[in-house]
Amino acid sequence: MSKEKALVEKIERKFGVKGKAERKRIWINIRKENMIDLCRYLKELGFEHLSAISVTDFIKRGKYELVYVVWSYHDNIAIIVKSEIEREKPVISSVTEIWKESAQIHERELHELFGVEFEGNADLSELFLENWKESPPFRKDFNWREYVGKKYYYKQDEKEKIYLEAGI
Amino acid sequence: MKEELKLKRLVKSIWVFNWFNSCGVTELLPMVGSRWDMERFGMILVDSPRHADCLIIGGYQTEKSMVRVKRIYEQMPEPRVVVALGSCTMSGGMYWDSYNTIKKLEDYMPVDLYIPGCPPRPEAVFQGVYEIMKENGGVKDE
Amino acid sequence: MSHENVKERELFFGPAHPGSGNFCVKLMVDGEKVLSARADPGYLHRGFEKLMEYRDTMQNAVLSDRICVFEPLAWNLVHAEAVDGLMGVDVPERASYIRVIMAELSRIQSHLIWYGGMSMGIGFDTGFKMAFGYRDYILDIFELITGGRVYPAGYICPGGVRKDMPDTAREKILDVLKRIDEIKMLEKFENPTLLPRLKNVGVLELKDTIRLGATGFVMRASGMRTDVRKDDSYEVYDQLDFDIPIQNDGDAYSRFLVGIREIEESIKIIRQALDELPKGRLKPIKPKLSTKIPEGEIYIRNEVARGEAAMHMVSDGTGSPYRCKIRGPSFLHMIPVLEYLLKGVQIADVPAIYWSLNPCPADMDR
Amino acid sequence: MRMYLLFTGALILVLQIWIGDWMKLKIVPRLLKNLIKKPMTVRFPNESIPIPEGYRGEHEYDKGKCISCGLCAKVCPNRAIEMVQSENGRKYPVIDIGKCCFCGLCQDVCHTGALKLTKNLVSPIIVDSNKKEKSGM
């Protein structure tokens with residue numbers, strides 16, 4: 001735990017953010033504006049493996065929370081950087097110039113599934129879905145049960161009654 | 001093609017096209033392997049739809065893969081058989097509320113044989129193929 | 001359009017190609033040389049992360065088998081640990097040992113699929129028949145312990161394992177491990193027809209692996225000694241000793257070599273775990289509809305056969321997770337790494353490189 | 001005639017040793033061992049591997065023990081179980097094999113033991129050919 005505490009103090013002193021240290025995990029919340037130079041600072045510290053970028057859709061607060069998980073092979077610790085952006089117009093600057101291709105593919109997936117705009121990402125073309133016209137499928141307000149009920153299930157088919165009762 | 005010229009009955013053993021999709025892979029490849037060895041029944045893994053008689057749909061299909069399956073189905077010569085494995089092809093199975101998977105295979109293509117099970121065991125698949133060949137006259141009634 | 005000025009043609013290493021699973025790579029080809037490759041995934045995309053939001057914990061445990069079709073138990077372990085971590089449950093010692101045994105068995109079985117697929121990809125049919133033949137013995141063990149041949153239906157579930165390991169399983173496992181040890185799979189590949197197909201084909205240097213997001217055996221084949229079971233150890237891996245096989249030149253053959261050496265390591269782990277298995281009986285875990293996951297957030301990293309599998313679970317106190325991000329290793333191996341490796345190779349090498357990355361289209365599309 | 005056979009046999013052996021190095025001959029002992037070993041193929045119609053206890057196969061339902069609590073219908077991940085009203089006023093579960101994924105959650109959640117998964121396999125279902133023309137292409 002001592003390594004994690006030392007790292008958290010160093011980051012708190014440099015960026016003035018609150019950090020939480022657990023065994024091999026450090027959680028940091030930071031504002032959207034200086035998230036990029038925190039990521040650049042972490043890359044210099046040796047956190048060069050970008051494990052995952054994820055988006056959590058807090059529909060009640062009207063916010064998208066972006067989660068960057070980076071891992072350092074040197075001191076075997078994972079730092080999870082979280083920053084919030086607007087839900088209606090989700091725009092954030094891309095981290096592809098820090099973690100090259102691995103960040104690019106994660107952002108391309110999140111752009112397709114959540115609709116997040118990453119400025120500076122060269123290629124945000126479609127990935128999994130072919131000519132998909134609806135709203136991005138993984139947002140909380142895109143209710144799957146309604147969409148599936150309209151598109152796949154017929155009201156009059158007796159065997160599908162159990163699905164339609166399930167609130168489709 | 002005139003009606004009587006179309007070859008209705010399957011007069012040779014089934015050749016399977018290599019479209020091992022989704023969960024079917026983990027149960028169909030052992031069938032090709034040496035433990036269950038489907039070649040004893042004359043079923044060979046064929047790489048082009050032109051030579052295939054049987055298209056095994058090994059589980060759920062997404063919108064994107066359904067387009068390819070239809071194209072493969074049209075390329076197969078006439079006495080063709082479609083075997084659908086698992087409950088995902090009958091009723092959507094475990095992905096009944098997923099936005100991207102096909103719920104009922106018969107809305108998209110004619111199916112000859114359903115084999116329930118998730119995924120079904122090799123014995124069930126062999127028994128199904130036997131019944132298909134009996135139905136299409138490929139098996140001399142012993 | 002005359003042939004002179006047509007330099008590039010598009011070739012599909014497509015979804016129905018015998019060498020590739022359900023995954024398509026669009027290759028821009030000039031004659032025999034591949035100029036550039038563009039992956040086109042999405043054939044098995046079921047939207048797993050949102051499916052888990054509609055189901056409660058036990059149904060998610062059954063659903064988490066099918067994230068990667070080739071190694072269900074490894075993903076059961078990822079999901080079970082995420083929920084255990086959030087609920088603050090520490091699993092009984094015996095259940096933890098059984099989880100490690102099942103995860104390592106699933107790793108051996110998944111490497112055998114890779115061995116079979118690699119042999120089918122480069123045309124070595126005896127290897128394919130042999131690998132899938134011997135893999136079936138492990139499926140018999142799964143059938144005995146978990147009740148299902150391929151899918152354990154949530155055998156490793158939050159709180160331990162669904163039902164205890166029967167006593168007859170011990171001899172069966174040891175007997176199957178002896179059989180797999182005997183076949184000496186490496187010697188079958190040491191012959192002049194197969195080695196040139198894999199030697200210095202698809203070379204990946206160490207400095208590119210981290211940039212492209214490669215993890216697990218791809219990094220070990222390029223000379224980096226890293227393994228999540230040792231660095232970020234979970235379950236009882238820190239009490240078992242096993243070493244990490246590495247290679248240095250990072251080509252298709254060394255990736256394949258690392259994979260096969262890992263089978264021998266897994267056999268060592270299983271034998272140790274079977275000896276140190278604590279006595280006692282485990283209560284079977286019954287699904288309860290009222291289980292609530294307390295509010296919180298967790299990030300779990302596990303070492304599966306293909307690389308680093310991770311899950312970021314956010315829960316808001318109800319029965320099902322609020323958001324569950326799944327990070328599959330093949331997502332990074334089959335798009336950035338494959339596109340980088342396929343530049344400038346011959347068409348004949350494409351299946352060899354593709355299969356040397358131990359691809360699983362299911363955990364790429366999720 | 002025998003002299004001629006002996007001579008060619010020896011010639012082939014010498015050629016083999018001269019071309020292939022000694023390493024290749026190491027395979028001969030394993031070759032003989034494999035010749036004697038029984039093949040691993042399970043000859044399906046006559047032979048079959050025994051299915052162990054606790055295999056999750058087809059369902060077996062005992063109406064007497066059922067207290068129609070409806071837990072099995074709630075816990076099923078595929079919604080394969082439906083509680084159907086019967087003439088004596090109580091509801092009983094009906095399982096649709098086409099939807100079921102044989103996970104065994106219903107067997108574990110049922111504390112009176114009315115619903116169990118047996119060891120026998122589910123038989124394939126042939127679609128009769130006249131209905132086939134109806135389905136769209």
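Quantities reported herein were computed from a predicted structural model and do not represent experimental measurements. FYI, side chains are in, hydrogens and waters are out, and symmetry mates aren't considered; it's all heavy atoms of this structure.
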Any side-chain heavy-atom pair from C/Glu143 and B/Arg121 closer than 4.5 angstrom? yes
Within-4.5 Å side-chain heavy-atom neighbours: B/Ser34 and C/Met130: no
How many angstroms lie between atom OH of B/Tyr95 and atom CZ of C/Phe48, to the nearest 0.5 angstrom? 4.0 Å
How about B/Asp97 and C/Arg55: do any of their side-chain heavy atoms sit closer than 4.5 Å? yes
Please classify the contact between C/Ala16 and chain B as side chain, backbone, both or neither, with a heavy-atom cut-off of under 4.5 Å. both
Does any heavy atom of chain B fall under 4.5 Å from the side chain of C/Asn22, the backbone, both, or neither of them? side chain
Tell me if a side-chain donor or acceptor on B/Asn100 pairs with a main-chain N or O of C/Arg46 at a distance below 3.5 Å. no
Atom CZ in C/Phe132, atom CG in B/Leu28: separation rounded to 0.5 Å? 10.5 Å
Can C/Asp365 and B/Lys64 be counted as an ion pair, charged N to O under 4.0 angstrom? no
Proximity breakdown for B/Thr26 and chain C, heavy-atom pairs closer than 4.5 Å: both
So which part of C/Arg66 gets closer than 4.5 Å to some heavy atom of chain B, the side chain, the backbone, both or neither? both
Checked B/Tyr60, B/Trp36, B/Phe17 vs chain C; the most non-hydrogen pairs under 4.5 Å come from B/Tyr60
Would you call C/Arg149 and B/Pro30 a side-chain contact if the rule is heavy atoms closer than 4.5 Å? yes
With a 4.5 Å cut-off on side-chain heavy atoms, are C/Val62 and B/Met94 touching? yes
Chain B contact via C/Pro72 - side chain, backbone, both or neither, heavy atoms under 4.5 Å: neither
Can you tell me which portion of C/Tyr137 sits under 4.5 Å from chain B's heavy atoms? Options are side chain, backbone, both or neither. both
Using non-hydrogen atoms only, which part of B/Pro119 is less than 4.5 Å away from chain C: side chain, backbone, both, or neither? both
Checking C/Ile113 against chain B: side chain, backbone, both or neither under 4.5 Å from a heavy atom? neither
Residue pair B/Asn21 / C/Tyr43, side-chain heavy-atom distance below 4.5 Å: no
Interface residue of largest heavy-atom contact number with chain B, from C/His45, C/Gln59, C/His17, C/Gln109, under 4.5 Å: C/His45
Does a side-chain N-to-carboxylate-O contact under 4.0 Å join C/Asp140 and B/Arg35? yes
Side-chain contact, heavy-atom cut-off 4.5 Å: B/Tyr99 with C/Lys50? no
Heavy-atom proximity to chain C below 4.5 Å, by part of B/Pro122: side chain
Which bit of C/Leu51 is near chain B, if near means a heavy-atom gap under 4.5 Å: side chain, backbone, both or neither? side chain
Out of B/Gly59, B/Ser48, B/Ser98, which one racks up the most heavy-atom pairs below 4.5 Å with chain C? B/Ser98
Ignoring hydrogens, what is the shortest heavy-atom contact between C/Lys129 and B/Val32? Give both atom names and the distance. NZ-O, 3.1 Å
When the 4.5 angstrom heavy-atom criterion is applied to B/Val69 and chain C, the contacting part is neither
Drop me the distance from B/Leu29's CG to C/Arg135's CZ, to the nearest 0.5 angstrom. 8.0 Å
At a heavy-atom separation under 4.5 Å, does C/Glu71 approach chain B through its side chain, its backbone, both, or neither? neither
Only pairs of heavy atoms separated by less than 4.5 Å count here; which of C/Leu44, C/Val150, C/Val69 has the most with chain B? C/Leu44
